[in-house]
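This report concerns only the one structure given below.
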Amino acid sequence: MNIFPNQVYPVYWYQDHVRLIDQTHLPNEFAVVEINRSDDMALAIKTMIVRGAPAIGVAAAYGMYLGAREIHTDNRDQFLAQLEQVAENLKATRPTAVNLFWAIDRMMKTARQTVGPVDYLKEVLKETAQQINAEDLETCYAIGDQGLKVLPEKPTKLRLLTHCNAGALATAGYGTALGVVRSAFREGRLERLYIDETRPRLQGAKLTSWECVQEGIPVTLITDSMAAHCMKLGMVDAVVVGADRIAANGDAANKIGTYSLAIVAQAHNVPFFVAAPLSTVDFTIADGTQIPIEERDPVEIYKIGETRICPFGVEFYNPSFDVTPADLITGIITEFGAVKPSELVQFQERRVV
Ligand SMILES: CSC[C@H]1O[C@H](OP(=O)(O)O)[C@H](O)[C@@H]1O
């Protein structure tokens, strides 16, 4: 159940187009962009106007419908062949979050399995994208409440720490890791949320802080390098983060800096939870070594705003994600329950594609 009056929805259908909150403008400007074409949706995903594994899955699903709408043929085989091209264009946007591929594959499967004229296929694709959107919101509510069951029982009011943004802005709404935080806050079980700023794109500082301030959730912003010190001082009762792709053994890819956070949490006996829907679990890969890691433009490192922070002449390395091994993860919180990483396989049959 959502009791937050200021809930935000980063991606949704409106009249005859898709609307996205432009997350590159937050927290200083709340801007909404209208997306009418599949190519524009692909660009919005690539440039992180919309970002966050489940959110880009929902966006890609709508991108598939927008692309279907642009195909002008009554021939089913020609329609499906052109829709496959739309799928490939959307898949080329970002490689790590499996939700993108899960949503696109679900849309393609729906098109192939639907009997009827092309116009009917288009209508079914629109309904499927809207269904994926609605399902993800319900999934986040469920993840939030499943997380409550595994958070430490003491202290009654917890001090949680999160990394990056796994909130409403990264999903269809409510959030995964931040969904657990919201559910804890709703039940009076949250003392404070510590937020890593999350260099280089600062999703923690810009997005997670913004979401929490909107809803009166008490937050403290720290730099990524402060997390170890905070845990050493006993300031954190548990860590809850999101994920972009989880392998069958429970290894989890998430925003760069998550792996080091998990090491520090283990060193200080702080429980470390990954919150994610089943659509984020990739059962086709055995472990995290097979998860593709996106590398982004180095400008994200060397510029803060318009200010260059380093001299010319240096090289850069900008991996956007890292992989936390399953043995550093206390539990994976899904919409069907929280499990040890090794127990994730029990949910494999419940992952809808
Ligand atoms: C709820 S998944 C959010 C996940 O996605 C973020 O990556 P990005 O901002 O690059 O899309 C980050 O890894 C979050 O944990």
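Each ligand, and each atom within it, is numbered from 1 in the order the structure gives.
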What's the separation between atom CD in Gln131 and atom CE in Met107, rounded to the nearest 0.5 Å? 10.0 Å
Ligand 1 N/O to protein N/O, distances under 3.5 Å:
unit_1   : atom_1 : unit_2 : atom_2 : d
ligand 1 : 5 (O)  : Asp244 : OD2    : 3.1
ligand 1 : 9 (O)  : Arg51  : NE     : 2.9
ligand 1 : 9 (O)  : Arg51  : NH2    : 3.1
ligand 1 : 9 (O)  : Gln203 : NE2    : 3.0
ligand 1 : 10 (O) : Arg94  : NH2    : 2.7
ligand 1 : 10 (O) : Lys255 : NZ     : 2.7
ligand 1 : 11 (O) : Gly52  : N      : 2.8
ligand 1 : 11 (O) : Arg94  : NH1    : 3.0
ligand 1 : 13 (O) : Asp244 : OD1    : 2.5
ligand 1 : 13 (O) : Asn254 : OD1    : 3.2
ligand 1 : 13 (O) : Lys255 : N      : 3.1
ligand 1 : 15 (O) : Asn254 : OD1    : 2.5

Can you find a pair of side-chain heavy atoms, one from Gln203 and one from Met48, that are under 4.5 Å apart? yes
Salt-bridge test for Glu34 and Arg19: reply yes if a basic N is under 4.0 Å from a carboxylate O, no otherwise. yes
Applying side chain to side chain contact (heavy atoms under 4.5 Å, CB included) to Asp297 and not counting sequence neighbours gives Val299
Heavy-atom side-chain proximity of Asn6 to Glu215 below 4.5 angstrom: yes
Atom CD1 of Ile195 and atom SG of Cys212: how far apart are they, to the nearest 0.5 Å? 4.5 Å
